[in-house]
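Remarks on the structure that follows.
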Amino acid sequence: MKSLRTPADEAEACAIQDELRTRVVLDEPGPPPGTGFVTGVDVAYDDERDLVAAAAVVIDAATLAVVEEATAVGRVAFPYVPGLLAFRELPTVVAALESLTTDPGLVVCDGYGQAHPRRFGLASHLGVVTGLAAMGVAKNPFTFTYEQPDHHRGAVSPLLDGTGEEVGRALRTQDGVKPVFVSVGHRVSLDNACAHALRLAPAFRLPESTRAADTLCRRALHEAIGTGFGTTT
DNA sequence: GCGACAG
DNA sequence: ATCTTGTCGC
């Protein structure tokens, strides 16, 4: 496992991203859509108690059946700063992934990979740190621009940065519903990332993997609070 | 210089 | 992210 240190400030965080970015692998196609395992990860916060709960849910890519679930709870190690999300979420997410007994396969993150101010979003960071194939599916376009994809499910349009370069794709996963924003993280092509995202979302806007992880991390957070995790007495 | 800004 | 009732619809 590579370094996943918590920076002292934003400047150091950016420096770490610039350094780790050189280790991102973008020339691998990744696992074929519909085969092997896909793992959704997500986190939930309780700022009052300074807690963060993460969940990792392994899903069979062909049937979308849940194969294994894992959770981890920890302290919030970094504030929310757009562009530096990884330092806030990854420590706990990686802990959850490490407690799995199943090979995670392709990891699907809530957020971005290449679609990032320094081309090193959450999904890229997770991929480099764990060595796993990783991609991001976000609910918002962040600072990027895009043309509205065609009305039907499966339609896509490029997600562009200020230079006009494609950093990801707006993907319509349900007819007439707001698209999701897919970008590559590590060891997977953009075409395959989009194909995976579409297959993972047969009934709802968001992939089943992130829906399952979202539900699980919220439950883990509440259970941690009920157990008195963040209590001093 | 002043916003905007993944979760 | 998170705080939150009822309500519309399959």
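Hydrogens, waters and symmetry mates are skipped; everything else that's a heavy atom, side chains included, is used. So that the names make sense, note that chain A is the first sequence line, chain B the second, and so on, each numbered from 1. What you see is a predicted model; the values in this text were computed from it and never measured.
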Report task. Calculate the interatomic distance between A:L51 atom CG and B:dG7 atom C1'; express it in whole Å. Result -> 17 Å
**Report entry** Within residues 199-221 of chain A, residues whose heavy atoms come under 4.0 Å of DNA chain B
**Finding:** none
Query raised in the report: In whole Å, what is the span from the CG atom of A:D46 to the C1' atom of C:dA1?
Result: 11 Å
Query raised in the report: Does the side chain of A:E68 pick up a donor-acceptor pair with the side chain of A:T102 at under 3.5 Å?
Result: yes
Please write out each protein N/O paired with an N/O of nucleotides 2-6 of chain B under 3.5 Å, distance rounded to 0.1 Å.
residue: B:dA6; atom: OP2; partner: A:Y80; partner atom: OH; Å: 2.8
residue: B:dA6; atom: N7; partner: A:G83; partner atom: N; Å: 3.0
residue: B:dA6; atom: N6; partner: A:G83; partner atom: O; Å: 3.1
residue: B:dA6; atom: N6; partner: A:L84; partner atom: N; Å: 3.4
residue: B:dA6; atom: N6; partner: A:L85; partner atom: N; Å: 3.4
residue: B:dA6; atom: N6; partner: A:H116; partner atom: NE2; Å: 3.4
residue: B:dA6; atom: N1; partner: A:L122; partner atom: N; Å: 3.2
residue: B:dA6; atom: N3; partner: A:Y112; partner atom: N; Å: 3.1

Query raised in the report: Using Watson-Crick and G-U wobble pairs whose two distances are both under 3.5 Å, how do you write the pairing of DNA chain C as dot-bracket, with | for links to another strand?
Result: ..........
Report task. Determine whether the side chains of A:Y45 and A:E89 contain a donor N or O and an acceptor N or O closer than 3.5 Å. Result -> yes
Query - Pair pattern of DNA chain B in dot-bracket, where unpaired bases get dots and | marks partners in another strand, Watson-Crick or G-U under 3.5 angstrom - result: .......
Report task. To the nearest Å, give me how far apart CD (A:E48) and C1' (C:dC3) are. Result -> 11 Å
Query raised in the report: Passes side-chain contact (heavy atoms from CB on, under 4.5 Å), A:V58 versus A:L100? Steps please.
Result: CA-CA 9 Å; A:V58 184; A:L100 289 170; 3.7 Å; yes
Contacts table for residues 182-191 of chain A: side-chain donor-acceptor under 3.5 angstrom, sequence neighbours left out:
residue: A:S183; atom: OG; partner: A:G113; partner atom: N; Å: 2.8
residue: A:H186; atom: ND1; partner: A:V25; partner atom: N; Å: 3.0
residue: A:R187; atom: NE; partner: A:E28; partner atom: OE1; Å: 3.0
residue: A:R187; atom: NH1; partner: A:G131; partner atom: O; Å: 2.6
residue: A:S189; atom: OG; partner: A:N192; partner atom: N; Å: 3.1
residue: A:D191; atom: OD1; partner: A:R169; partner atom: NH1; Å: 2.8
residue: A:D191; atom: OD1; partner: A:R169; partner atom: NH2; Å: 3.4

All N/O pairs under 3.5 Å across the protein-nucleotides 6-10 of chain C interface:
none

Requested in this report: Kindly say whether the aromatic ring centers of A:F87 and A:H125 come within a distance under 6.0 Å.
Outcome: yes
